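This report refers to the structure that appears directly beneath it.
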Amino acid sequence: MATVYFVRDGRGKNRAKSVIETSKSQPLATFERYKTTFSPVFPYFNDTTPLEDFTKYRYVVIEITKEDISPKFSVPGFYIIHNLSPDEYTILISDK
């Protein structure tokens, strides 16, 4: 199963939270229209920014396992979903 993470700027253990484990078909449907960037390791965003617990989550990252491979997600690893905020993602999946 793929795992979707919400991520905020900075480094540290609290920079990301796992929001949902999802079936192979859901990431394809949800993320098909969005540009993605592959990362073999969990990405950092603005890693020189101090991490505060109250900082808003700003990014959506999906972890793809070998079982989740598809034309859009062709290699296991992490995919940064561009132009999709955690708030927008939450609305997208609540409409399904």
Side-chain angles (χ1 to χ4, degrees):
M1 289 192 123
T3 303
V4 177
Y5 296 91
F6 292 169
V7 186
R8 53 183 156 206
D9 291 326
R11 277 191 177 269
K13 63 180 180 172
N14 296 330
R15 79 183 192 305
K17 71 174 178 176
S18 169
V19 239
I20 191 168
E21 286 189 355
T22 182
S23 67
K24 181 178 178 179
S25 60
Q26 189 180 12
L28 289 175
T30 305
F31 301 123
E32 193 62 39
R33 63 187 171 133
Y34 294 94
K35 181 180 180 239
T36 60
T37 301
F38 173 75
S39 176
V41 297
F42 198 92
Y44 290 99
F45 299 93
N46 303 311
D47 61 353
T48 58
T49 302
L51 182 63
E52 304 289 345
D53 286 340
F54 56 83
T55 303
K56 185 175 178 135
Y57 290 100
R58 297 182 55 201
Y59 310 97
V60 177
V61 174
I62 185 168
E63 181 180 10
I64 299 294
T65 65
K66 64 182 178 179
E67 293 82 21
D68 302 311
I69 290 175
S70 67
K72 176 102 175 151
F73 304 110
S74 59
V75 178
F78 299 90
Y79 290 81
I80 301 162
I81 311 300
H82 296 278
N83 300 315
L84 180 66
S85 72
D87 291 340
E88 292 167 330
Y89 175 75
T90 302
I91 291 167
L92 277 176
I93 64 168
S94 68
D95 288 344
K96 297 204 181 261

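Keep in mind the model is a prediction, meaning the values are calculated, not measured.
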Y34-F6 co-clustered via ILVMFWY side chain contacts under 4.5 Å: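 Yes, it is one cluster - the side chains of Y34 and F6 are joined through contacts under 4.5 Å.
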Cluster check I64, I93: I/L/V/M/F/W/Y, side chain < 4.5 angstrom: yes
Minimum side-chain heavy-atom gap V7-P43 below 4.5 Å: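 Side chain of V7 against side chain of P43, heavy atoms only: no contact under 4.5 Å found.
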Side-chain heavy-atom pair N83, K35 within 4.5 angstrom cut-off: no
From CD1 (I62) to CD1 (I80), nearest 0.5 Å: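 The CD1 atom of I62 sits 12.5 Å away from the CD1 atom of I80.
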Value rounded to 0.5 Å, distance of CZ in F78 from OG1 in T3: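 Answer for the CZ-OG1 pair, F78 versus T3, is 8.5 Å.
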The single option from F42, Y57, Y79, Y59 passing ring-ring contact (aromatic ring centres under 6.0 Å, His included) against Y5: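 Going through F42, Y57, Y79, Y59 one by one, the ring-ring contact (aromatic ring centres under 6.0 Å, His included) with Y5 is satisfied by F42 alone.
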Working for side-chain contact (heavy atoms from CB on, under 4.5 Å), residues L92 and L84: CA-CA 10 Å; L92 277 176; L84 180 66; 3.8 Å; yes
Parallel, tilted or perpendicular: ring planes of F31 versus Y89, cut at 30 and 60 degrees: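 Taking Y89 first and then F31, their aromatic rings lie parallel (interplane angle under 30°).
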Stepwise side-chain contact (heavy atoms from CB on, under 4.5 Å) test for T36 and F73: CA-CA 9 Å; T36 60; F73 304 110; 4.2 Å; yes
Nearest atoms (heavy-atom pairs only) where I69 meets S74: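 That closest heavy-atom pairing would be CG2-O, 3.7 Å.
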K72 versus E32, closest heavy-atom pair with distance: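 Heavy-atom minimum between the residues: NZ-O, 3.5 Å.
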From CA spacing to verdict: side-chain hydrogen bond (donor to acceptor under 3.5 Å, both in side chains), T90, D87: CA-CA 5 Å; T90 302; D87 291 340; 5.4 Å; no
side-chain contact (heavy atoms from CB on, under 4.5 Å) between V60 and E88, intermediate numbers included: CA-CA 10 Å; V60 177; E88 292 167 330; over 6 Å; no
